[in-house]
Engineer: 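Next up is a structure, given as structure tokens.
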Amino acid sequence: MATTKRSTLNTPLIPEDITKDEKSLVRSYLLLTFIHKVFERDCRVIGKSGLFKTPQLYMELVSGATKKTSLMLQEVTRELTAHNLKITTVRQDQRGVEASYSCRGYAGEMNIPWPGFRNEMMLRMRAYLGLNPELNVLPREEAVEQMALSI
């Protein structure tokens with residue numbers, strides 16, 4: 001648990017830097033937010049495409065993963081609140097994802113380059129879909145390229 005330092009003089013409180021666990025919460029929030037959006041989009045596309053013989057099966061699979069990410073996102077949001085941590089902005093550009101946050105008066109930024117962000121998204125998405133993280137149908141670079149199109 002983080003504490004605040006107090007000077008013996010009559011000066012304002014000096015907040016401590018954000019902890020490793022709190023940074024992990026920010027990272028999880030970003031990943032879950034993006035994953036949730038991708039799953040929602042994929043579910044809509046599967047339903048509307050007309051390309052599947054049994055779209056309801058695939059929609060059920062993706063919808064289940066969407067529900068898991070939603071529940072996890074709610075839990076991470078509760079943890080952010082418990083830590084008095086607020087994510088103020090989220091931006092994405094060609095370099096990656098960037099978030100600004102404040103925590104106990106401390107302002108910070110997190111920058112995650114796309115290659116690492118996409119790879120972590122893929123690993124988590126496979127887990128939420130109940131797939132083996134070891135197996136991957138697409139070659140590495142092709143999987144990353146397809147992920148870039150879906151975000």
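Nothing here was measured: the structure is a model prediction, and the numbers come from that model.
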Engineer: As a test of understanding, state which of L31, I35, L131 forms a side-chain contact (heavy atoms from CB on, under 4.5 Å) with M125.
Structural biologist: I35
Engineer: Around atom CZ of R95, are there more than 12 heavy atoms from other residues, nucleotides or ligands closer than 6.0 Å?
Structural biologist: no
Engineer: Could you verify whether a donor N or O on one side chain and an acceptor N or O on the other, from T88 and S100, lie under 3.5 Å apart?
Structural biologist: no
Engineer: With a 3.5 Å cut-off and no angle check, do the side chains of S28 and R124 form a donor-acceptor pair?
Structural biologist: yes
Engineer: To check you understand the geometry: which heavy-atom pair defines the closest contact between V62 and L129, and what is its length?
Structural biologist: CA-CD2, 4.1 Å
Engineer: Strictly distance-based, threshold 3.5 Å: is any side-chain N or O of S49 a donor or acceptor partner for the main-chain N or O of L51?
Structural biologist: yes
Engineer: Please report the interatomic distance CG(L61) to CZ(F39), rounded to the nearest 0.5 Å.
Structural biologist: 8.0 Å
Engineer: Could you give the distance from CE (M59) to OG1 (T66), rounded to the nearest 0.5 Å?
Structural biologist: 10.0 Å
Engineer: Roughly how far, to the nearest 0.5 Å, is CG of D21 from CD of E79?
Structural biologist: 9.5 Å
Engineer: Just checking E60: does its CD atom have more than 12 heavy atoms from other residues, nucleotides or ligands closer to it than 6.0 angstrom?
Structural biologist: no
Engineer: Only one of L25, I18, L80, T89 clears side-chain contact (heavy atoms from CB on, under 4.5 Å) with Y101; which?
Structural biologist: I18
Engineer: Go through the side-chain N and O atoms of T77 and Q74 and say whether any donor and acceptor fall under 3.5 Å apart.
Structural biologist: no
Engineer: Can you tell if the side chain of N111 reaches within under 4.5 Å of the side chain of E109, non-hydrogen atoms only?
Structural biologist: yes
Engineer: Answer yes or no: is there a donor N or O on one side and an acceptor on the other, between the side chain of K86 and the main chain of S102, under 3.5 Å?
Structural biologist: no
Engineer: As an exercise, state the distance from NE2 of H36 to CG of L71, rounded to the nearest 0.5 Å.
Structural biologist: 10.0 Å
Engineer: Where the side chain of D42 meets the backbone of V45, is there a donor-acceptor pair that is under 3.5 Å apart?
Structural biologist: no
Engineer: Would you sort out whether L30 and F117 count as a side chain to side chain contact (heavy atoms under 4.5 Å, CB included), showing the intermediate values?
Structural biologist: CA-CA 9 Å; L30 294 172; F117 195 79; 4.1 Å; yes
Engineer: Answer yes when E22 and R27 have at least one side-chain N-carboxylate O distance shorter than 4.0 Å, and no when they do not.
Structural biologist: no
Engineer: Return the minimal non-hydrogen interatomic distance between I87 and A99, and the atom names on each side.
Structural biologist: CG2-CB, 4.4 Å
Engineer: Mind checking whether T33 and V90 have side chains closer than 4.5 Å, heavy atoms only?
Structural biologist: no
Engineer: Could you tell me how the ring of F34 sits relative to the ring of W114: parallel (under 30°), tilted (30 to 60°) or perpendicular (over 60°)?
Structural biologist: perpendicular
Engineer: Less than 4.5 Å apart, any side-chain heavy atom of M110 and any of E98?
Structural biologist: no
Engineer: Out of curiosity, E75 CD to S70 OG, how far, rounded to the nearest 0.5 Å?
Structural biologist: 12.0 Å
Engineer: As an exercise, state the distance from CE of M121 to CZ of R118, rounded to the nearest 0.5 Å.
Structural biologist: 9.0 Å
Engineer: Indicate yes or no: at least one non-hydrogen side-chain atom of M72 is less than 4.5 angstrom from one of Y128.
Structural biologist: yes
Engineer: Looking at K37 and E40, is any side-chain nitrogen of the basic one under 4.0 Å from a carboxylate oxygen of the acidic one?
Structural biologist: no
